[in-house]
J.: 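Pasting a structure here, questions to come.
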Amino acid sequence: MKKFTKVIAVVLSIAAIIAIFAACSGGNGKEKAKLTLATSADFPPYEFVGDNGDYVGIDIEIAQAIADKLDRELVVENMDFDSIVGAVSTGKTDIGMAGLTDTPERRESVDFSSSYATGIQAVIVKEGSAIKTVDDLYADGVTYKVGAQISTTGDIYFGDDIKAKKTTCTLEEYQSGADAVAALSAGKIDAVIIDNEPAKSFVAANSGLKILDTEYTNEDYAIAFPKNSALLEDVNKALEELIADGTVQKIVDKYIPAK
Ligand code: ARG
C-alpha cells in the first residue's frame, strides 16, 4: 500500500509539471496569427527606440491598432531603411511602415495602402549657414555637400537633380538620418535633406542647427505590402476605419503636439 501511494504521488507530480508547462506555453494551442512589420526605428516621431528599449512612435502605434483590429500579434522587425522595400517585396514581412513615401518607383515592387500622413522634405543647416533657402542649393556653381539617409526620397530626388545637372552640389549618403545630422554638426557636410518631423526632432536634440523655411517636396506616407498581398484589403479597411474614427489623429497628436 505504501508503495502504491508513492506511485500516485509521482504520477500526480508529473501531471502537475505537465500542466504548468502547458499553461506557460499558452495552453490551448491556438496561437494568434502574426502581423510582421518591417521598419527602421531611427526616425522619430514615426519610429524610434523608446526609453525602455522598445519600439515606439506613430507608425508603431498605428500598426498596433491595425493588428488589434485584425486580432493579430504585431511583430516589429527593425532593419536599415534601405532594406525595407526589399523585405516587404520578397514577403519577408507582411507590411512595411517607416514614414515610407508612396512613390511610383516603389510601386514597381510593392503595393501601398491609402495614405495616413503627409511628409515634407526639409533642409537642415547649421545656424549662420550661407544656405538660406532651398534655392541656394541650386545657385550657379555652388559646391555644398548635402547629406541624406540612403534610399530615402530626399537622397533619391537630390541625386536625380545632380544627375540632371540642376545643381552643382554633391551628395553624401548615410545609413541613418542621425548619422547625416552628426556629420552636419561636425562640419563635414553643409546641409541635410530629411523629412520635416524627424528634422524637428534632430534639431531639438542637437544645438546649433536650424530648418530652412522653404520646403523641398511634399509627399504621402503609406503602408507597403508585397504585390498582390491577401492582407492589403483588410489592413487598408482597418486603417481607413482608424482614420475615420479619429484614432490615427489621436496617435499623431500624442507624438506631434499642436502648437
Ligand atoms: N519619407 C522618406 C522616404 O520614404 C524617408 C523615410 C525614412 N524612414 C525611416 N524610418 N528612416 O524615403
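Indexing begins at 1, ligand by ligand and atom by atom, following the structure's order.
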J.: Strictly by ring pair (Phe, Tyr, Trp, His ring centres under 6.0 Å), give each pair with a member in residues 176-234 just once, sequence neighbours left out.
T.: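 Applying ring pair (Phe, Tyr, Trp, His ring centres under 6.0 Å) to every pair that reaches into residues 176-234, excluding sequence neighbours, yields Tyr46-Tyr221.
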J.: If you measure only the distance, is there a donor-acceptor pair under 3.5 Å linking the side chains of Tyr174 and Asp155?
T.: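 Distance-only check fails for Tyr174 and Asp155.
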J.: Show your working on side-chain hydrogen bond (donor to acceptor under 3.5 Å, both in side chains) between Asp195 and Gln121 and close with a plain yes or no.
T.: CA-CA 4 Å; Asp195 304 48; Gln121 294 297 312; 3.0 Å; yes
J.: By the side-chain hydrogen bond (donor to acceptor under 3.5 Å, both in side chains) test, which pairs, at least two apart or in different chains, include something from residues 224-233?
T.: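 For residues 224-233: Asp111-Lys227.
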J.: I'd like the atom pairs linking ligand 1 to the protein - N or O on both sides, separation under 3.5 Å - with distances to 0.1 Å.
T.:
{"unit_1": "ligand 1", "atom_1": "1 (N)", "unit_2": "Gly99", "atom_2": "O", "d": "2.7"}
{"unit_1": "ligand 1", "atom_1": "1 (N)", "unit_2": "Thr101", "atom_2": "OG1", "d": "2.8"}
{"unit_1": "ligand 1", "atom_1": "1 (N)", "unit_2": "Asp195", "atom_2": "OD2", "d": "2.7"}
{"unit_1": "ligand 1", "atom_1": "4 (O)", "unit_2": "Thr101", "atom_2": "N", "d": "2.8"}
{"unit_1": "ligand 1", "atom_1": "4 (O)", "unit_2": "Thr101", "atom_2": "OG1", "d": "3.1"}
{"unit_1": "ligand 1", "atom_1": "4 (O)", "unit_2": "Arg106", "atom_2": "NH1", "d": "2.8"}
{"unit_1": "ligand 1", "atom_1": "8 (N)", "unit_2": "Ala98", "atom_2": "O", "d": "2.7"}
{"unit_1": "ligand 1", "atom_1": "10 (N)", "unit_2": "Ser40", "atom_2": "O", "d": "3.1"}
{"unit_1": "ligand 1", "atom_1": "10 (N)", "unit_2": "Asp42", "atom_2": "OD1", "d": "3.4"}
{"unit_1": "ligand 1", "atom_1": "10 (N)", "unit_2": "Glu47", "atom_2": "OE2", "d": "3.2"}
{"unit_1": "ligand 1", "atom_1": "10 (N)", "unit_2": "Ala98", "atom_2": "O", "d": "3.4"}
{"unit_1": "ligand 1", "atom_1": "11 (N)", "unit_2": "Asp42", "atom_2": "OD1", "d": "2.8"}
{"unit_1": "ligand 1", "atom_1": "11 (N)", "unit_2": "Gln149", "atom_2": "OE1", "d": "2.9"}
{"unit_1": "ligand 1", "atom_1": "12 (O)", "unit_2": "Arg106", "atom_2": "NH1", "d": "3.4"}
{"unit_1": "ligand 1", "atom_1": "12 (O)", "unit_2": "Arg106", "atom_2": "NH2", "d": "2.9"}
{"unit_1": "ligand 1", "atom_1": "12 (O)", "unit_2": "Thr153", "atom_2": "N", "d": "2.8"}

J.: Suppose the criterion is ring pair (Phe, Tyr, Trp, His ring centres under 6.0 Å): which pairs have a residue in residues 48-87, not counting sequence neighbours?
T.: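 Every pair satisfying ring pair (Phe, Tyr, Trp, His ring centres under 6.0 Å) with a residue in residues 48-87: there are none.
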J.: Using side-chain heavy atoms (C-beta onward) and a distance below 4.5 Å, is Thr101 in contact with Arg106?
T.: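 A side-chain contact exists here, since the closest heavy-atom pair is under 4.5 Å.
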